[in-house]
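So that the names make sense, note that chain A is the first sequence line, chain B the second, and so on, each numbered from 1. Values reported hereafter were calculated over all heavy atoms of this structure, with side chains retained and with hydrogens, waters and symmetry mates removed.
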There are 2 protein chains.
Amino acid sequence: MKIGEAARATGLSAKSIRYYESLGLVQSLRRDNGYREYDSAAIQELNLLARARRVGFSLEECRYLVSLLNNQSRHSADVKQQVLQKVAQLDEQLVHLTQMRNTLLELADRCQGDEGPECAILQDLSSANTGMRFTLVEDENG
Amino acid sequence: MKIGEAARATGLSAKSIRYYESLGLVQSLRRDNGYREYDSAAIQELNLLARARRVGFSLEECRYLVSLLNNQSRHSADVKQQVLQKVAQLDEQLVHLTQMRNTLLELADRCQGDEGPECAILQDLSSANTGMRFTLVEDENG
DNA sequence: CTTGACCTTAACCTTACTGGAAGGTTTAGT
DNA sequence: ACTAAACCTTCCAGTAAGGTTAAGGTCAAG
């Protein structure tokens, strides 16, 4: 298999495959003309890279997963732990994105959204960020 | 205000402030010794940048928000639309991350997680990804 | 007079690629 | 045999949003 076929087979771009090779994540044989050649074991590795990337693993994490794939004395517990750790990371991200989303919705709710220039959103975002839910008010004895 | 104070006041790093200036997102006056000087209007812009970044706006989107902040004939509807568009983007991301998370949990469920090398996760990830729930079948009339 | 805390610019590192330049190879068609 | 399309090769540059380090100027205190 040449790189273009390998790309179509795995859903990666040829560019990405060369990039992964430059990082030592996969190897390729070479034909006499210099073209890269991929066998079924290489295609397996590329599939792992493609799919692991799609579910959120970084290339360094993929490097570890590929090493496990090629290690016949691996423990499946190590693979599982890596996956569950990634789930925990995604959960953190989800919490963060949800907070951002809710903040934006609260801001949008307080904005008229008309032809006028007064805008609660801009007022809020451009003022000092206390991070507080309540506003400080001046004392009577100032 | 010097850049360090401005940084502490807004929660940005001095480095980021210089970077934003290099992109033309904010301006600064200069003292005789070359130090940057920030007035309250500049601090407002920096606050907008800091907080807009935190809720997910890109620097290019921030550029637009700053231009609205400085445009007295703006329409608050434009600000609101930008915010709601960002909410929609975050919603897309949330869907995507949630799918990734669920895929990973399904994979983890099918893995023993023991000392042995057999691992449903690696098997799944390294095999061809149809990504399909249904398989394409050839037409009778070709 | 020196130390420490500031400030300045410039240049490189990061992640995970994508695009393009400049050129070699193969294949199909005429 | 010639040519054009469709492959392939390497290398260089750029993206977002800064962080890090280097090398040096400025300023206040002790």
Side-chain angles (χ1 to χ4, degrees), chain A residues 1-39 42-43 45-66 86 89-90 93 96-97 100, chain B residues 1-39 42-43 45-66 86 89-90 93 96-97 100:
Chain A
M1 253 181 162
K2 289 187 291 185
I3 197 169
E5 303 169 76
R8 281 186 292 274
T10 60
L12 294 167
S13 69
K15 277 278 193 193
S16 297
I17 296 177
R18 290 195 197 95
Y19 179 60
Y20 296 163
E21 181 177 328
S22 80
L23 298 181
L25 291 175
V26 267
Q27 273 112 316
S28 62
L29 301 167
R30 294 296 180 123
R31 297 184 181 178
D32 287 351
N33 58 14
Y35 287 16
R36 289 172 176 82
E37 177 67 25
Y38 297 91
D39 59 14
I43 296 297
E45 293 183 14
L46 291 175
N47 271 324
L48 176 57
L49 287 167
R51 304 202 55 198
R53 291 288 299 126
R54 271 180 230 131
V55 292
F57 287 102
S58 73
L59 287 184
E60 278 315 304
E61 289 160 345
C62 287
R63 185 190 297 279
Y64 178 54
L65 291 176
V66 169
K86 180 57 61 180
Q89 279 177 27
L90 291 176
Q93 276 190 56
H96 189 204
L97 288 183
M100 287 166 28
Chain B
M1 255 182 161
K2 288 188 291 185
I3 196 169
E5 303 170 77
R8 281 185 292 275
T10 60
L12 293 168
S13 69
K15 188 70 189 145
S16 296
I17 296 176
R18 291 194 197 96
Y19 179 58
Y20 296 164
E21 180 177 328
S22 80
L23 297 181
L25 291 175
V26 267
Q27 273 114 314
S28 62
L29 302 167
R30 295 294 182 124
R31 297 184 181 177
D32 287 349
N33 58 12
Y35 287 16
R36 287 172 177 79
E37 177 67 24
Y38 297 90
D39 59 14
I43 296 296
E45 293 182 15
L46 291 175
N47 271 322
L48 177 56
L49 286 167
R51 305 202 54 198
R53 291 287 299 125
R54 269 179 232 134
V55 292
F57 287 102
S58 72
L59 288 182
E60 277 316 303
E61 289 162 344
C62 286
R63 186 191 296 280
Y64 178 55
L65 290 177
V66 169
K86 180 56 61 181
Q89 279 177 29
L90 291 176
Q93 277 190 60
H96 189 205
L97 288 183
M100 289 167 25

For B:T10 and B:I43, which heavy atoms make the closest approach, and how far apart are they? CG2-O, 4.2 Å
What string of B, S and - do you get for nucleotides 11-23 of chain D, 5' to 3', when a contact is any protein heavy atom under 4.0 Å? B-----BSBB---
Taking every non-hydrogen atom, the tightest pair across B:L46 and B:A6: CD1-CB, 4.2 Å
Can you give me the N/O atom pairs linking the protein to nucleotides 3-7 of chain D at distances under 3.5 Å, or say none if there are none?
from	atom 1	to	atom 2	distance (Å)
D:dC7	O2	A:Y35	OH	3.4

Under the side-chain hydrogen bond (donor to acceptor under 3.5 Å, both in side chains) rule, collect the residues that match up with B:R30, sequence neighbours excluded. none
Give me the atom names and distance for the closest heavy-atom approach of B:V66 to B:L49. CG2-CD2, 4.0 Å
Between NZ on residue B:K15 and OG on residue B:S13, distance to nearest 0.5 Å: 8.5 Å
Taking side chain as C-beta onward, heavy atoms only, is B:K2 less than 4.5 Å from B:R31? yes
Residues forming a side-chain contact (heavy atoms from CB on, under 4.5 Å) with A:Q89, sequence neighbours excluded: A:E61, A:Q85, A:K86
Once you apply a heavy-atom cut-off of 4.0 Å, does A:R18 come out as touching a base, just sugar-phosphate, or nothing? base
Within residues 22-34 of chain B, those residues having any heavy atom closer than 4.0 Å to DNA chain C are B:R30, B:G34
Donor-acceptor pairs are to be reported for all side-chain atoms of residues 21-28 of chain B against protein atoms at under 3.5 Å, with residues two or more places apart or in another chain.
from	atom 1	to	atom 2	distance (Å)
B:E21	OE1	B:S28	OG	2.9
B:E21	OE1	B:R36	NE	2.8
B:E21	OE2	B:S28	OG	3.4
B:S22	OG	B:Y19	O	2.7

Identify the 5'-most and 3'-most nucleotides of DNA chain C with at least one atom closer than 4.0 Å to a non-hydrogen atom of chain A. C:dA16 to C:dT26
Which residues satisfy the side-chain contact (heavy atoms from CB on, under 4.5 Å) test with A:R8, sequence neighbours excluded? A:E5
Residues that B:D32 engages under side-chain contact (heavy atoms from CB on, under 4.5 Å), provided they are two or more places apart: none
Shortest non-hydrogen separation from B:L65 to B:A52 and the atoms involved: CD1-CB, 3.9 Å
Can you list everything that forms a side-chain contact (heavy atoms from CB on, under 4.5 Å) with B:R53? Sequence neighbours excluded, please. B:Y20, B:L59, B:C62
